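All residue numbers refer to positions in the sequence shown, counting from 1. What you are looking at is a predicted structure, and each value in this text was computed from that prediction instead of being measured.
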Amino acid sequence: MGPIYSLPDLLDMLRRRALVILAIAVLGSLVSLFLAARQQHFYESSEVIQVAQPTIADDLAKSTVEGSTARRMQLIEQRLMARSSVLEIVEAFDLYADMPDLRPSDLVTLVRENVSITGVAAVREGFADDGTIAVLTITARMPSPEQAQAVAAEFGRRTIELSVSTRIEQARETLNFFTAKETAVAKELAALDDEIASYRTEHDVAQPGALEIRQGEIATLNEALLDIDREQIQIRRAADQAMSNERPATAQRMLEEFEEQLATLTAQRDLLTRRKAEIEASLETSPEVERQLAAYDRRLQQLQSELETTRARRNEAEIGFRLETARQSERLTVLEPAALPDYPVTGGRKRTALLGGAASLLAALVIAFLLELRKPVLRSVAQMKRETGLMPVVTIPEMKSPGGKRRSGKGRRS
């Protein structure tokens with residue numbers, strides 16, 4: 001400790017440096033009082049929002065809004081803390097009106113620093129963390145209790161509205177996508193049907209439904225031809241019997257009648273034969289046409305399968321959209337509304353002034369001690385004996401000249 005080794009030395013230093021200590025302590029106390037008077041109180045208010053689970057189990061009706069709750073809340077927080085949104089809140093509640101010189105960017109920074117959104121993760125099911133949040137806490141720190149309560153409530157309201165709107169918008173976009181895809185696939189399927197019909201007409205190929213009809217028509221024609229053949233056989237036998245059993249005149253007349261009947265049946269048979277040939281020709285196709293028709297059939301089956309899948313997903317998207325609009329899926333509810341704070345969260349002004357005065361006194365003592373170390377002087381017999389081991393025999397008192405200045409060499413002990 002340099003020249004200070006005992007309590008008398010310390011008291012002597014305090015006596016000699018009393019003016020310096022007093023000046024520094026008073027000046028520091030005044031500065032502390034000034035800072036305490038200018039100290040701004042801040043109040044905190046918190047709104048607690050619960051993330052409620054869907055009222056209908058996912059196994060029965062699943063929402064189309066995917067992703068973890070934590071990720072969605074992060075996106076909502078980013079939108080809440082956007083510059084335009086923050087400035088809207090500042091203007092709506094006249095925040096920091098006592099600081100008119102602040103620029104918009106400074107206001108945005110202040111709000112972002114004094115408003116926090118924290119989430120509490122839900123209890124895990126098993127060992128995997130699915131990012132589910134159970135509770136959101138929105139805390140606002142403002143110069144007045146009314147502003148703290150209003151800002152916390154406003155951020156809570158906007159969080160719930162953004163959650164609802166984003167979920168509904170995502171479900172609507174999903175539904176619109178599958179609806180548009182279903183319409184496109186249906187149009188493509190109709191266009192393919194028209195193309196297949198045109199191709200079959202161009203190459204004189206029977207339609208799949210008409211094939212069975214024409215095959216049935218051929219079978220009918222074959223039966224008709226058989227009936228004609230049987231009638232011709234019967235007429236010829238009747239003619240033979242007439243030739244053998246009847247008189248020549250009667251037989252001749254009957255033969256003429258039989259010939260007319262045979263001629264009619266022959267004409268009918270020719271007509272049916274030509275019709276049968278035409279139908280059989282229409283059923284015959286070339287290998288190239290067969291390959292093209294097979295390609296058309298594969299494409300047709302593919303589009304029909306795609307259409308069925310799209311319709312199923314569109315139905316799921318429609319159910320998800322209805323769940324979101326009816327708020328039957330995951331939703332945010334206010335568990336604890338923002339309350340009006342009773343006390344500021346910052347320290348009291350008296351406490352600040354007392355701490356500042358104590359710090360000023362401590363600083364004054366440190367400065368006085370440093371001054372002693374800067375210019376150490378042996379001022380007592382005990383100090384002389386302790387530092388040199390010699391016992392002084394004469395003490396010369398400190399003397400001042402008539403002008404008030406100390407004379408050199410005086411006041412030293414030897």
Side-chain angles (χ1 to χ4, degrees), residues 28 31-51 67-121 131 133-167 169-170 332-353 355-356 359:
V31 173
S32 300
L33 290 173
F34 177 75
L35 295 177
R38 291 179 57 87
Q39 181 181 356
Q40 176 69 55
H41 283 312
F42 285 94
Y43 298 83
E44 281 189 1
S45 181
S46 299
E47 181 156 306
V48 181
I49 298 176
Q50 182 184 23
V51 182
S68 64
T69 309
R71 187 177 298 275
R72 286 196 299 273
M73 292 302 107
Q74 185 180 27
L75 295 177
I76 290 174
E77 181 179 358
Q78 291 173 357
R79 294 180 63 177
L80 286 174
M81 294 301 176
R83 178 186 176 90
S84 58
S85 177
V86 171
L87 291 179
E88 285 179 4
I89 295 177
V90 170
E91 183 178 359
F93 297 100
D94 197 19
L95 301 180
Y96 308 108
D98 56 338
M99 294 182 284
D101 297 334
L102 290 179
R103 296 173 296 180
S105 58
D106 298 330
L107 293 173
V108 172
T109 302
L110 282 175
V111 173
R112 289 173 178 173
E113 290 176 351
N114 291 289
V115 177
S116 62
I117 302 176
T118 57
V120 178
I133 293 179
V135 172
L136 280 177
T137 303
I138 301 175
T139 303
R141 187 174 187 173
M142 292 294 154
S144 68
E146 292 79 10
Q147 286 184 346
Q149 182 188 29
V151 171
E154 178 66 16
F155 271 91
R157 183 185 66 82
R158 294 195 175 203
T159 299
I160 295 175
E161 290 182 354
L162 280 176
S163 176
V164 173
S165 61
T166 52
R167 291 183 68 92
E169 184 64 23
Q170 186 174 352
L332 303 183
T333 57
V334 177
L335 186 63
E336 182 180 339
L340 187 68
D342 298 325
Y343 302 100
V345 295
T346 53
R349 294 178 180 177
K350 292 181 180 180
R351 181 172 176 270
T352 302
L355 291 177

Quick check for you: to the nearest 0.5 Å, what is the distance between Gln78 atom CD and Leu162 atom CG?
12.0 Å
Could you state the interatomic distance from CG (Leu80) to CG (Leu75), rounded to the nearest 0.5 Å?
11.0 Å
Rounded to the nearest 0.5 Å, how far apart are OG of Ser116 and CD of Glu44?
7.5 Å
For Ser45 against Ala339, the heavy-atom pair lying closest together:
OG-O, 2.7 Å
For the pair Ser163 (side chain) and Thr159 (backbone), establish whether a donor and an acceptor sit closer than 3.5 Å, ignoring hydrogens and angles.
no
Could you give the distance from CD (Gln149) to OG (Ser144), rounded to the nearest 0.5 Å?
10.0 Å
Can you name the nearest heavy-atom pair linking Thr69 to Val51, along with the distance?
CG2-CG1, 3.9 Å
Short N-O contact, Glu154 and Arg157, less than 4.0 angstrom:
yes
Tell me whether Arg112 at atom CZ has more than 12 heavy atoms from other residues, nucleotides or ligands lying less than 6.0 Å away.
yes
Would you check if Tyr43 and Asp342 make a side-chain contact, meaning some heavy-atom pair closer than 4.5 Å?
no
Would Arg83 and Glu88 pass as an ion pair if we require N to O under 4.0 Å?
no
Supply the atom-to-atom distance Met99 CE to Leu110 CG, rounded to the nearest 0.5 angstrom.
5.5 Å
If we count only N and O atoms by modelled type, under 3.5 Å, do the side chains of Thr137 and Ser46 hold a donor and an acceptor together?
no
Quick one: pull up CG in Asn114 and CD in Gln147 and give me the separation to the nearest 0.5 Å.
11.0 Å
Is the closest side-chain heavy-atom distance between Glu146 and Phe93 below 4.5 Å?
no
Indicate yes or no: at least one non-hydrogen side-chain atom of Leu332 is less than 4.5 angstrom from one of Gln50.
no
Quick one: does Ser85's side chain have a donor or acceptor within less than 3.5 Å of a partner on Ala82's backbone?
no
For Ile49, the option from Ile138, Ile117, Thr333 that meets side chain to side chain contact (heavy atoms under 4.5 Å, CB included):
Ile138
